[in-house]
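Contents: one structure, followed by commentary.
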Amino acid sequence: MNIAVKSAVIAGILAAGIYAALNMEEAIKSTFVEVPVVTLSREAYRSTVTAAGSVFTDGKSWYAEVYADESDVPSLSVGQEVSVRGAAFGGEINGELVSISDTAEKINGRTVVALRILLDAAERKLKNGFTADATIYTDEAEILNVLPYETIMQDDKSEYVYVFEDNKAKRRNIKTGVELSDCAEITEGLTPGTKVIAYPDEVSENDFIKVKVENG
């Protein structure tokens, strides 16, 4: 075989190898699922009790008289911080819980206890009888590790998420705690900074994953 033929054969083999390698790379790429991920974030949380009623004045100060469900009373104590909102006044008014009635009463079929809240209402244009919705803070703020609800799955074994690990989706069993409006506390199974698949119903165990960060 002359040199020209040998060179052509070698070039053909190399070209075929490169073509096969490229095809294999494309095949591997095609097995990847591109999904957004989120990381376990931290959020300040305070336990609260809500109660509704109305505002009134004794001529010197403004108060809100609101009614809490009987089941919430054990967590209430005089001196707790309160924020009050109402349909007729803009924003929030800060306040302090100053008294808890010794007597329960029935209102609309519920057993409730009257609470009195001293309002920091200087320069507010209030009128007796304006509605008041109070949020009473029953403890100090604590920091929770949280994930959005849509990242969390559940079967007959446990709650779980899919994490991004070694370029794959890996199941991680977890335990949840406090439930917030759009996320849940993660008490076991994850550490801050773990990348979690945002929409787990789009993947399966051991899928190859290409990720895009949805939030930090």
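Because the structure is predicted, anything quoted here is derived from the model rather than measured.
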message: Within this structure, what is the CG-OG1 distance for the pair Asp72 and Thr50, rounded to the nearest 0.5 Å?
response: 7.0 Å
task: Without swapping roles, check the side chain of Gln154 against the backbone of Glu159 for a donor-acceptor pair under 3.5 Å.
output: no
- prompt: What's the spacing between Glu179 CD and Tyr45 OH if we round to 0.5 Å?
  reply: 10.0 Å
message: With a 3.5 Å distance limit and no angle check, can you tell me whether Gln80 reaches the backbone of Ser75 through a side-chain donor-acceptor pair?
response: yes
task: Please assess Glu81 against Arg46 for the test salt bridge (Lys or Arg N to Asp or Glu O under 4.0 Å), listing each intermediate value before the final yes or no.
output: CA-CA 11 Å; Glu81 178 186 347; Arg46 296 181 75 179; 3.3 Å; yes
message: Let's go through Leu144 and Val178 carefully: what are the C-alpha distance in whole Å and the side-chain angles of both, what is the deciding distance for side chain to side chain contact (heavy atoms under 4.5 Å, CB included) to 0.1 Å, and is it a yes or a no?
response: CA-CA 9 Å; Leu144 306 182; Val178 174; 4.0 Å; yes
- request: Find out if a path of hydrophobic residues (ILVMFWY) with successive side-chain heavy-atom gaps under 4.5 Å connects Phe56 to Val66.
  value: no
statement: The remaining residues in the hydrophobic cluster of Ile107, counting side-chain heavy-atom contacts under 4.5 Å among Ile, Leu, Val, Met, Phe, Trp and Tyr, are Tyr67, Val112
- request: Evaluate the side-chain proximity of Arg110 to Asp69: yes if any heavy-atom separation is below 4.5 Å, no if none is.
  value: yes
field: Working for side chain to side chain contact (heavy atoms under 4.5 Å, CB included), residues Cys183 and Leu147
entry: CA-CA 5 Å; Cys183 57; Leu147 279 176; 5.9 Å; no
Side-chain donor/acceptor of Thr131 to backbone N/O of Gly86, under 3.5 Å: no
- request: Establish whether Phe130 and Trp62 are linked, either directly or via other cluster members, by ILVMFWY side-chain heavy-atom contacts under 4.5 Å.
  value: yes
- prompt: Are there more than 12 heavy atoms of other residues, nucleotides or ligands under 6.0 Å from atom CD of Glu92?
  reply: yes
message: Hydrophobic clustering (ILVMFWY, side-chain heavy atoms < 4.5 Å, transitive) - are Ile136 and Leu118 grouped together?
response: no
query: Atom CZ of Arg42 and atom CG of Asn145: how far apart are they, to the nearest 0.5 Å?
result: 5.0 Å
message: Keeping Asp139 on the side-chain end and Ser47 on the backbone end, is there a donor-acceptor pair under 3.5 Å?
response: yes
message: If you compare all heavy atoms of Val84 against all heavy atoms of Phe89, which two are closest, and at what distance to 0.1 Å?
response: O-CE1, 3.9 Å
task: Report yes or no: do Ile174 and Val146 belong to one cluster of Ile/Leu/Val/Met/Phe/Trp/Tyr joined by side chain heavy-atom distances under 4.5 Å?
output: no
- prompt: Between Tyr137 and Ser83, which heavy-atom pair has the shortest distance, and what is it?
  reply: OH-OG, 3.9 Å
task: State whether the side chain of Thr39 and the backbone N or O of Thr194 hold a donor-acceptor pair below 3.5 Å, judged by distance alone.
output: no
field: Shortest non-hydrogen separation from Ala134 to Ile117 and the atoms involved
entry: CB-CD1, 3.7 Å
Pairwise distance OG1(Thr151) to OH(Tyr162) - rounded to 0.5 angstrom: 13.0 Å
query: Is a donor on one side and an acceptor on the other found under 3.5 Å between the side chain of Tyr149 and the backbone of Leu180?
result: yes
- prompt: Under the salt bridge (Lys or Arg N to Asp or Glu O under 4.0 Å) criterion, do Glu165 and Arg172 qualify, and how do the steps go?
  reply: CA-CA 10 Å; Glu165 186 176 283; Arg172 187 77 61 82; 2.9 Å; yes
message: Any non-hydrogen side-chain atom of Val163 less than 4.5 Å from a side-chain atom of Leu190?
response: yes
With sequence neighbours excluded, residues passing side-chain contact (heavy atoms from CB on, under 4.5 Å) with Lys168: Lys170, Asn206, Phe208
query: Do you know which two heavy atoms are closest between Ala121 and Leu126, and how far apart they sit?
result: CB-CD1, 3.7 Å
- request: Return yes if some donor-acceptor pair links the side-chain N/O of Asn128 with the main-chain N/O of Thr57 below 3.5 Å, else return no.
  value: yes
task: Could you tell me the separation between the CD atom of Glu96 and the OH atom of Tyr63, rounded to the nearest 0.5 Å?
output: 10.5 Å
query: Do Ile100 and Val98 belong together in a cluster built from hydrophobic side chains that touch within less than 4.5 Å?
result: no
Exercise: identify the closest heavy-atom pair between Val38 and Pro148: CG2-CD, 4.3 Å
- prompt: Glu205 and Arg171: salt bridge (Lys or Arg N to Asp or Glu O under 4.0 Å), yes or no, with the steps?
  reply: CA-CA 6 Å; Glu205 177 81 0; Arg171 173 174 169 144; over 6 Å; no
- prompt: Taking only residues two or more places apart in sequence, or in another chain, which ones meet Ala104 in a side-chain contact (heavy atoms from CB on, under 4.5 Å)?
  reply: Thr111, Val113
- line: Distance col, row Leu97:CG vs Ser77:OG, nearest 0.5 angstrom, shows 7.0 Å
message: If you compare all heavy atoms of Leu76 against all heavy atoms of Ala68, which two are closest, and at what distance to 0.1 Å?
response: CD1-CB, 4.1 Å
